[in-house]
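Input: a single structure, listed below in structure tokens.
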Amino acid sequence: MTTGKKLTAGDAELTVVPQDGCRIASLTVGGTELLRQGDRYGAFIMVPWCGRTENGRFRNGGIVHQLPVDAPPHAIHGTGRHTAWHDGPDATDSAASYYFDLADPWPYPGRVTQTFELGENELRMTLSVEASADSFPAQAGWHPWFLRNLGQGGRDAEIDFRPEWQEERGDDHLPTGKRTEPKPGPWDDCFGMPDGVDVSLTWPGELRVRVTSPAEWVVVYDEQPEAVCVEPQSGPPNGLNTLPRLVTPIDPLEITTVWSWERLG
């Protein structure tokens, strides 16, 4: 079993596994696990793209690049989750940073850095993508699997958020480019929150977790009975093609998110 780095603050404990894509393997508050357990779950990082990239292809200027198709017919969630990350400097009992250098199958050199800062009532994370030479489009975000039920006899989590729009999803699971009024779940959908991501998960009488980010895009996935995913990200699925954010040597991409919690009852 792969062990990770444990951060603690008050009665909160975070376990990060840098050699397994810098995945968060566990987040407990007062001994209560908040994340679905298992090698595919916890919370993983999406970088240098988020969600599906159509047919695994994207264009940078006049050059078309082909990525590995790992969610046929698309490429999904980036390469960072499959990569061993290295320890960054200045780790403490409650904070740590990690990095990896972009390499094949991603066609452009660069560096991705992730920082974790754990407080008694919140987890703050920052992701940055830097270009070493040529500029390239990129995205970054997080894919947590929050437990639908905390397993202590309470009720399932309730989702509360107020998006301005929902990206219409085509049969190929990609946004069609049309924005619609938000529809009731279940969802595997991207939403626009131009004032910043702000989504609450409430386990009535037990706990409330609020996921916030200055980013304006969030994917909500709740089609599995075990978990609810709330994914703040820097652009929509297939954004390498439809809404490219160019990373240059003097203009890195940076995205932050804060997960804060409070006990109820």
Non-neighbouring partners of [X] that pass side chain to side chain contact (heavy atoms under 4.5 Å, CB included), sequence neighbours left out:
X: Asp39; value: Arg23
X: Leu264; value: Thr202, Arg208, Glu262
X: Arg210; value: Asp198, Ser200, Thr212, Ser260
X: Gln152; value: Thr32, Glu206

Fill in: Pair Trp142 and Trp217, ring centroids less than 6.0 Å apart
no
Discussion item. Is the distance from the ring center of His74 to that of His173 below 6.0 Å?
Written reply: no
Worksheet, complete the sentence: Residues at least two apart in sequence or cross-chain that pass salt bridge (charged side-chain N to carboxylate O under 4.0 Å, His left out) with Glu231, listed by chain then number, are none
Discussion item. Can you list everything that forms a salt bridge (charged side-chain N to carboxylate O under 4.0 Å, His left out) with Arg162? Sequence neighbours excluded, please.
Written reply: Asp160
With side-chain hydrogen bond (donor to acceptor under 3.5 Å, both in side chains) as the rule and sequence neighbours excluded, what pairs involving [range] come up?
range: residues 86-112; answer: Asn60-Tyr108, His65-Tyr108, Asp101-Arg111
range: residues 124-138; answer: none
range: residues 5-15; answer: Lys6-Thr15, Asp11-Arg263

Discussion item. Connecting only ILVMFWY residues whose side-chain heavy atoms lie within less than 4.5 Å of each other, what is the rest of Phe44's hydrophobic cluster?
Written reply: Tyr41, Met46, Trp145, Tyr221
Worksheet item: Of all residues at least two apart in sequence or in a different chain, which pass the ring pair (Phe, Tyr, Trp, His ring centres under 6.0 Å) check with Trp203?
Response: none
Item to complete: With sequence neighbours excluded, tell me which residues meet ring pair (Phe, Tyr, Trp, His ring centres under 6.0 Å) with Phe161.
Response: Trp187, Phe191
Item to complete: Output yes when a side-chain donor or acceptor of Asn55 lies under 3.5 Å from a complementary backbone atom of Arg57, and no otherwise.
Response: no
Practice prompt. Given side-chain hydrogen bond (donor to acceptor under 3.5 Å, both in side chains), test Glu168 with Thr176 step by step and report yes or no.
Written response: CA-CA 6 Å; Glu168 183 182 68; Thr176 65; 2.7 Å; yes
